[in-house]
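Computed from a prediction, not measured in an experiment: that's the story for all the values here. Numbering of residues begins at 1 and proceeds along the displayed sequence.
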Amino acid sequence: MPVNILFSARPALWPVYEPLLTKYLTEAGLDFRLSTELEPDQVDYVVYAPNGGLLDFTPYTRLRAVLSLWAGVEKIADNDTLTVPLARMVDHGLTQGMTEWVVGHVLRYHLGMDQHITVQDGVWTPDAPPLATERRVCILGLGALGEAAARALAALNFDVTGWSRSAKDIPGVTCLHGEDGLRTALSQAEIVVLLLPDTPATTNTLNAETLALLPKGAHIINPGRGPLIDDDALLEALNSGRVGHATLDVFRVEPLPEDHPYWAHPNVTVTPHIASETRPVTAAQVICENIRRGEEGEPFLHLVDRDLGY
Ligand SMILES: NC(=O)c1ccc[n+]([C@@H]2O[C@H](COP(=O)([O-])OP(=O)(O)OC[C@H]3O[C@@H](n4cnc5c(N)ncnc54)[C@H](OP(=O)(O)O)[C@@H]3O)[C@@H](O)[C@H]2O)c1
């Protein structure tokens with residue numbers, strides 16, 4: 001009997017993923033039916049993105065697993081109708097893209113690029129930037145994306161500290177965890193990068209109290225999720241100079257409303273949730289490998305802990 005796979009994501013992705021999933025499922029030797037329309041009680045696996053609109057998994061009575069195309073699973077992790085394993089996306093292409101974006105924006109701050117790109121006033125000020133060894137960067141979240149960014153920055157000789165929920169050991173990176181770890185990490189950070197998931201425990205990780213720990217003029221880069229930052233507290237910290245500049249890719253409401261103060265703030269760069277994205281060629285391989293595992297009774301990769309929410 002074929003394995004029935006429902007593709008539930010925004011329609012524009014179907015022509016992109018259909019040939020790729022077909023190729024890799026065939027290469028895995030699976031007998032399968034892949035469609036955007038299957039009777040719920042026939043579906044074995046759902047390839048899922050929130051913009052596919054699937055909310056109620058109750059009728060999916062023989063479902064084996066839901067395989068997310070997104071790394072962030074906050075829109076589905078607390079769905080009570082989902083009672084089977086949920087895998088999030090860990091994709092080389094997505095990780096590489098995020099590493100490039102983070103390194104680029106860290107270098108922008110580190111080298112003070114804006115000074116020379118945006119200010120051409122005829123004034124010759126020959127102040128060379130410090131070396132990366134003298135620049136302290138803090139990465140909040142040391143998962144698939146945070147660890148890769150931390151390793152890349154450490155390879156460029158930045159002084160990198162990372163913070164996570166559980167203890168970690170990453171060569172070249174000072175790894176901290178727990179509440180005290182966060183305080184230590186922030187109190188030394190000249191550039192803070194947020195790569196935490198959006199969960200009840202991470203909401204407002206940067207708030208008035210934690211922002212006050214930062215060295216004056218620190219820079220913030222948020223490619224994680226909007227709710228990680230208390231927006232009012234950040235605006236206050238920007239206005240007081242506690243935070244020198246923020247580059248924000250993700251927001252509580254997306255698209256960021258036109259009248260949001262971030263757009264007009266002179267010390268904020270808004271990017272439209274483009275830090276990285278799932279790359280179909282590599283992501284399709286991850287999805288197919290998980291279906292193969294499910295069919296051969298092997299453990300799924302990248303399972304979400306539904307209690308923790310990531
Ligand atoms: N802007 C974009 O384009 C874009 C693209 C992709 C993803 N993202 C965002 O990036 C996030 C991270 O992705 P990922 O694949 O790296 O996730 P991940 O592998 O699940 O890693 C999450 C990291 O956060 C840590 N963490 C979770 N809860 C914590 C807490 N309460 N206190 C301290 N640390 C905590 C985890 O600690 P442990 O290691 O101890 O578990 C882990 O190190 C996603 O959830 C998504 O929101 C954004």
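- Nearest heavy atoms, Ser8 versus Val46: CB-CG1, 4.0 Å.
- A distance-only check finds no donor-acceptor pair linking the side chain of Trp101 to the backbone of Pro223 [under 3.5 Å].
- Across every non-hydrogen atom of Thr278 and Ala283, the tightest pair is CG2-CB, 3.2 Å.
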Next on the checklist: Checking Thr81 against Tyr60 for the side chain to side chain donor-acceptor pair (under 3.5 Å) test, could you report, in this order, the C-alpha distance in whole Å, the side-chain angles of both residues, the deciding distance, and whether it holds?
Outcome noted: CA-CA 10 Å; Thr81 69; Tyr60 291 78; over 6 Å; no

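- For Arg306 (side chain) and Leu82 (main-chain N/O), a donor-acceptor pair under 3.5 Å exists by modelled atom type.
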Checklist entry - Given Leu248 and Thr271, is the side chain to side chain contact (heavy atoms under 4.5 Å, CB included) satisfied, shown in steps? => result CA-CA 6 Å; Leu248 308 174; Thr271 60; over 6 Å; no

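- Sorted by first and then second residue, the salt bridge (charged side-chain N to carboxylate O under 4.0 Å, His left out) pairs involving residues 229-244 (not counting sequence neighbours) are Asp231-Arg252.
- Put simply, the residue from Val3, Leu6, Leu21, Asn4 that forms a side-chain contact (heavy atoms from CB on, under 4.5 Å) with Leu34 is Leu21.
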Item to check | Test log, rule side chain to side chain donor-acceptor pair (under 3.5 Å), inputs Thr269 and Arg108 | outcome: CA-CA 12 Å; Thr269 296; Arg108 171 192 175 193; 3.0 Å; yes

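- No path of Ile, Leu, Val, Met, Phe, Trp and Tyr side chains, each step under 4.5 Å between heavy atoms, connects Met89 with Leu196, placing them in separate hydrophobic clusters.
- Looking at Glu254, its side chain does come within 3.5 Å of a backbone N or O of Phe251 through a donor-acceptor pair.
- Under the 4.5 Å side-chain heavy-atom criterion for Ile, Leu, Val, Met, Phe, Trp and Tyr, Met98 and Ile139 are members of the same hydrophobic cluster.
- Looking at Thr133 and Asn157, their side chains never bring a donor and an acceptor atom within 3.5 Å of each other.
- By the rule that hydrophobic residues join a cluster once side-chain heavy atoms approach within less than 4.5 Å of another member, Leu86 and Val47 end up as members of separate clusters.
- Cluster membership check: Val102 does not share its hydrophobic cluster with Leu140, using side-chain heavy-atom separations under 4.5 Å among Ile, Leu, Val, Met, Phe, Trp and Tyr.
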Checklist entry - Under the side chain to side chain contact (heavy atoms under 4.5 Å, CB included) criterion, do Ile229 and Ile220 qualify, and how do the steps go? => result CA-CA 10 Å; Ile229 300 180; Ile220 289 172; 4.2 Å; yes

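- In this structure, CG on Leu30 lies 8.0 Å from SG on Cys288, to the nearest 0.5 angstrom.
- If you check the side chains of Tyr310 and Thr202, you find no donor sitting under 3.5 Å from an acceptor.
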Checklist entry - Do Arg88 and Glu74 pass the salt bridge (charged side-chain N to carboxylate O under 4.0 Å, His left out) test, and can you show the C-alpha distance, the side-chain angles, and the key distance before you say yes or no? => result CA-CA 10 Å; Arg88 65 198 186 80; Glu74 69 277 0; over 6 Å; no

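- A salt bridge between Glu190 and Lys216 is absent, with no side-chain N of the basic residue lying under 4.0 Å from a carboxylate O of the acidic one.
- Distance alone, capped at 3.5 Å, places no donor-acceptor pair between the Thr247 side chain and the Ile221 backbone.
- The distance from atom NZ of Lys168 to atom OG of Ser166, rounded to the nearest 0.5 Å, is 3.5 Å.
- The side chain to side chain donor-acceptor pair (under 3.5 Å) check on Thr174 picks up nothing, with sequence neighbours excluded.
- In this structure, CD in Glu27 is found 4.5 Å from NZ in Lys23, a value given to the nearest 0.5 Å.
- A distance of 8.0 Å separates SG of Cys138 from CG of Leu176, quoted to the nearest 0.5 Å.
- Val173 approaches Gly162 most closely through the heavy-atom pair CG1-N, 3.8 Å.
- Between Arg62 and Asp41 there is no salt bridge, since none of the side-chain N atoms of the basic residue sits less than 4.0 Å from a carboxylate O of the acidic one.
- Using a distance-only test at 3.5 Å, with no hydrogens or angles considered, a donor-acceptor pair links the side chain of Trp263 to the main chain of Pro257.
- Atom SG of Cys175 sits about 8.0 Å away from atom CD of Glu147, to the nearest 0.5 Å.
- Side-chain contact, Asp127 with Thr125: no donor N or O sits under 3.5 Å from an acceptor N or O.
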Checklist entry - side chain to side chain contact (heavy atoms under 4.5 Å, CB included) between Leu63 and Asp44: does it pass, once the steps are laid out? => result CA-CA 4 Å; Leu63 195 58; Asp44 298 297; over 6 Å; no

Checklist entry - Does the ring pair (Phe, Tyr, Trp, His ring centres under 6.0 Å) test come out yes or no for Phe158 and His110, once each step is laid out? => result CA-CA 10 Å; Phe158 281 100; His110 169 61; 4.9 Å; yes

Give every donor-acceptor pair under 3.5 Å between a side-chain atom in residues 291-300 and any protein atom, sequence neighbours left out.
{"unit_1": "Arg292", "atom_1": "NE", "unit_2": "Glu289", "atom_2": "OE1", "d": "3.0"}
{"unit_1": "Arg292", "atom_1": "NH1", "unit_2": "Glu296", "atom_2": "OE1", "d": "2.7"}
{"unit_1": "Arg292", "atom_1": "NH1", "unit_2": "Glu298", "atom_2": "OE2", "d": "3.2"}
{"unit_1": "Arg292", "atom_1": "NH2", "unit_2": "Glu289", "atom_2": "OE2", "d": "3.0"}
{"unit_1": "Arg292", "atom_1": "NH2", "unit_2": "Glu298", "atom_2": "OE1", "d": "3.0"}
{"unit_1": "Arg293", "atom_1": "NE", "unit_2": "Glu289", "atom_2": "OE2", "d": "2.9"}
{"unit_1": "Arg293", "atom_1": "NH1", "unit_2": "Pro299", "atom_2": "O", "d": "2.7"}
{"unit_1": "Glu295", "atom_1": "OE2", "unit_2": "Tyr45", "atom_2": "OH", "d": "2.6"}
{"unit_1": "Glu295", "atom_1": "OE2", "unit_2": "Arg64", "atom_2": "NH1", "d": "3.1"}

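- No donor-acceptor pair under 3.5 Å is formed between the side chain of Asp180 and the backbone N or O of Arg183.
- Here the shortest heavy-atom pairing between Pro85 and Leu303 reads CB-CD2, 3.8 Å.
- Proximity of a side-chain donor or acceptor of Arg136 to a complementary backbone N or O of Gln188 within less than 3.5 Å is detected.
- In terms of heavy atoms, Asp249 sits closest to Ala275 at OD2-N, 3.0 Å.
- Contact between Leu142 and Ala150 at its shortest, heavy atoms only, is CD2-CB, 4.1 Å.
- For Asn290 (side chain) and Ile287 (main-chain N/O), no donor-acceptor pair under 3.5 Å exists by modelled atom type.
- Side-chain atoms of Asn204 never come within 3.5 Å of backbone atoms of Asn207 as a donor-acceptor pair (strictly under, hydrogens ignored).
- Hydrophobic clustering (ILVMFWY, side-chain heavy atoms < 4.5 Å, transitive): Leu214 and Leu206 are in one cluster.
- Residues Asp159 and Arg135 are not paired through a salt bridge, judged by the lack of any N-O separation under 4.0 Å between the basic side chain and the carboxylate.
- Between Arg151 and Thr99, the side chains place no donor N or O within less than 3.5 Å of an acceptor N or O (distance only, hydrogens not considered).
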